[in-house]
Amino acid sequence: MTEKALQLGQIEKLLASHALHGSESLCKLLRYLANHSLEHPGTSPKEYQIATEVFGRQQDFDPHVDSMVRVQAGRLRTKLAEYYASEGSDDQIVVELPKGNYALAFHHRPAAPPKTAATSPNGSSDSQQTSRPLFSVLLVLAVVITAVVSVAADRFLTHGSAAAARPANEAVEVPAALRAFWKGFLTGPEEPWVIFSNAAFVGLPDSGVRYFDPARDRGQKIFDHYTGVGEVLAVHSLDYAFDQLHQRIRVKRGSLFSLDDAKNNDLIFVGSPTENLTLLEIPGTQNFVFKSVPSGIRKGNTEIINVHPQSGEPKEFLATPANEPLTEEFAVIALVKGLDPSHSVLILAGTTTIGTQAAVEYVCQQNSLEELLSRLSVTKAGELKPFETVIHVKVAKGVPVGSELVALRKGHS
């Protein structure tokens, strides 16, 4: 068997080990680093490469700001040390991730010396026999402690995760409603994508920008790297909710989203189709649809059309006029099947950025989720099926202060 085959076999053994069981992100990292080390021996992949190619970080990832790769590498070092201190103690090939780079190292474990009887009165042979395994154990233990301290220090100094910011003795109890609502996004082979809106703008940042209008702005430079304050706070709320559920999310702005992403992943869209334009390319809502007001004093404002209004429901939902202080807003929360029916798409979108924030907060908070699950007749162990709903949002000084479910449709797929 070739040396490369032996090394690949050792990687597969590690991936199937108890030490890495359930750590999908660490398994992905180990497989990526192994392939890179075997295909490009002596070279280390860049932190940026790992962040974007393994963990789905955006192209503007900055390793000086986000320590996620260093934290994950530290965790992997710890797991490797744990493995070789226990179930892999007899393995002939040792895999290491040296500190300071991301190039895996493969070493052959020295053959153990043959056991012999004590040959001298002072017992020197027995002493050599027992000191070697003790030294190995101490060495492995030192590696484990160093890796743990490294990870802890990196998290503390850079605030790399929400969990690190919590007091060590604070036990976070996950609300049952939160787990029941998000259950379908926790069981897939990949982390769900969060796609936030970043509409196309034209103009100059220092003199004013406006939405791109294809009819009059052809040829102008488009700025597609802006998003609303509601989307920013919404992504923060989702990150905290998934942290409680011990699940990672991947975040991507709408202009970088592709149909391949839509086919292969569970998706959470943050922002309405008027700004998150990629929502127009995949299955969306059919009962509550976003439209631009075509005429009148509200021309150009975004509204939600109630396609099949039930008794007592309005035909459209429209926020406070744009020329007045925002006091009320409407948002859609909808779960639909994706391009691949085995995947789900959750749409969280308001007619303004504040409504989008409110929609996300609604599905991240215990009280509102309990109301929604009750209206959908979903039990703790039940399955959340496709639905569409509209919430009415009260706003004060640019902040959503209360939300009420005002329309609901079940069963649309």
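FYI, side chains are in, hydrogens and waters are out, and symmetry mates aren't considered; it's all heavy atoms of this structure.
- Across all non-hydrogen atoms, the minimal contact from P400 to A358 is CB-CB, 3.8 Å.
- Between the side chain of S403 and the backbone N or O of I391 there is no donor-acceptor pair closer than 3.5 Å.
- Side-chain contact between K410 and K385: absent, with no pair of heavy atoms (C-beta onward) separated by less than 4.5 Å.
- Annotation: side-chain hydrogen bond (donor to acceptor under 3.5 Å, both in side chains) contacts of Q10 (sequence neighbours excluded): Y84, D91.
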For this session: Give the C-alpha distance, both sets of side-chain angles, the deciding distance and a yes or no for side-chain contact (heavy atoms from CB on, under 4.5 Å) between H18 and S86.
Result: CA-CA 10 Å; H18 291 294; S86 55; over 6 Å; no
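- V69 places none of its side-chain heavy atoms less than 4.5 Å from the side chain of P63.
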Problem set entry | Trace of the side-chain contact (heavy atoms from CB on, under 4.5 Å) decision for H108 with E3 | CA-CA 10 Å; H108 281 271; E3 184 67 13; 2.8 Å; yes
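- Listed for the N35 side chain is a donor-acceptor partner under 3.5 Å among the backbone atoms of R31.
- Scanning all heavy atoms of the two residues, the minimum distance from A319 to R298 falls at O-NH2, 2.7 Å.
- A donor-acceptor pair is defined here as one N or O able to donate and one able to accept, closer than 3.5 Å; no such pair exists between the side chain of S67 and the backbone of R70.
- The neighbour count for H107 NE2, taken as heavy atoms of other residues, nucleotides or ligands under 6.0 Å away, is above 12.
- A side-chain contact (heavy atoms from CB on, under 4.5 Å) with F181 holds for exactly one of L376, V378, L384; it is L384.
- Rounding to the nearest 0.5 Å gives a distance of 9.0 Å between CG of L14 and SG of C27.
- At most 12 non-hydrogen atoms from other residues, nucleotides or ligands lie less than 6.0 angstrom from CG of D90.
- Taking 4.5 Å as the limit, every side-chain heavy atom of I11 sits out of range of all side-chain heavy atoms of L38.
- In this structure, the side chain of W182 engages the main chain of V363 through a donor-acceptor pair within 3.5 Å.
- Environment of CD in Q59: sparse, with no more than 12 heavy atoms of neighbouring residues, nucleotides or ligands closer than 6.0 Å.
- Side-chain atoms of K394 never come within 3.5 Å of backbone atoms of E404 as a donor-acceptor pair (strictly under, hydrogens ignored).
- Side-chain atoms of T356 never come within 3.5 Å of backbone atoms of A349 as a donor-acceptor pair (strictly under, hydrogens ignored).
- Taking the charged nitrogens against the carboxylate oxygens, R248 and E190 have no contact shorter than 4.0 Å, which rules out a salt bridge.
- With values rounded to the nearest 0.5 angstrom, L104 atom CG is found 7.5 Å from L80 atom CG.
- Remark: the T351 side chain and the E329 side chain contain an N/O donor-acceptor pair separated by less than 3.5 Å.
- Pairing each heavy atom of I93 with each of Q7, the nearest pair is CD1-N, 4.2 Å.
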Exercise. Can Y362 and L405 be said to form a side-chain contact (heavy atoms from CB on, under 4.5 Å), step by step?
Worked result: CA-CA 10 Å; Y362 193 94; L405 194 154; 3.7 Å; yes
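- Looking at K28, its side chain does come within 3.5 Å of a backbone N or O of V54 through a donor-acceptor pair.
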For this session: Determine, step by step, whether E53 and Y32 satisfy the side-chain contact (heavy atoms from CB on, under 4.5 Å) criterion, reporting the C-alpha distance in whole Å, the side-chain angles of both residues, the deciding distance to 0.1 Å, and the verdict.
Result: CA-CA 9 Å; E53 297 177 15; Y32 178 89; 2.7 Å; yes
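- In this structure, H36 and H40 have tilted ring planes: the angle between them lies in the 30° to 60° band.
- From E303, atom CD reaches atom CZ of F290 across 11.0 Å, with rounding to the nearest 0.5 Å.
- Between L318 and T302, the closest heavy-atom pair is CD1-O, 3.4 Å.
- Side-chain contact check for L178 versus Q366: every heavy-atom pair is 4.5 Å or farther apart.
- Nearest heavy-atom pair across T353 and E231 is OG1-OE1, 2.5 Å.
- Every residue meeting the side-chain hydrogen bond (donor to acceptor under 3.5 Å, both in side chains) condition with T320, not counting sequence neighbours, appears here in chain and number order: T327.
- Looking only at distances, no side-chain donor or acceptor of D266 sits under 3.5 Å from a matching main-chain atom of P192.
- In this structure, the side chain of R409 does not engage the main chain of E388 through any donor-acceptor pair within 3.5 Å.
- L373 and A177 make their closest contact through CD1-O, 3.6 Å (heavy atoms, listed as atom of the first residue, atom of the second, distance).
- With rounding to the nearest 0.5 angstrom, the CD atom of Q49 is 12.0 Å from the CZ atom of F61.
- The main-chain N or O of F55 is never found under 3.5 Å from a side-chain atom of R250 such that the two would form a donor-acceptor pair.
- Annotation: side chain of N287 is not in contact with side chain of V390 (no heavy-atom distance under 4.5 Å).
- The line from CZ of F269 to OG of S197 is 11.0 Å long, rounded to the nearest 0.5 Å.
- Note on ring orientation: taking the six-membered ring where Trp is involved, the planes of F317 and F288 are perpendicular (angle over 60°, cut-offs 30° and 60°).
- Residues T227 and V270 form no side-chain contact, since every pair of their non-hydrogen atoms from C-beta on lies 4.5 Å or further apart.
- Considering E371, Q365, E370 in turn, E370 is the only one that fulfils the side-chain contact (heavy atoms from CB on, under 4.5 Å) rule with N367.
- One finds the CD1 atom of I268 at 12.0 Å from the CH2 atom of W193 (value rounded to the nearest 0.5 Å).
- Between E316 and F330, every side-chain heavy-atom pair lies at or beyond the 4.5 Å cut-off.
- Between S368 and E361 the shortest side-chain heavy-atom distance does not fall below 4.5 Å.
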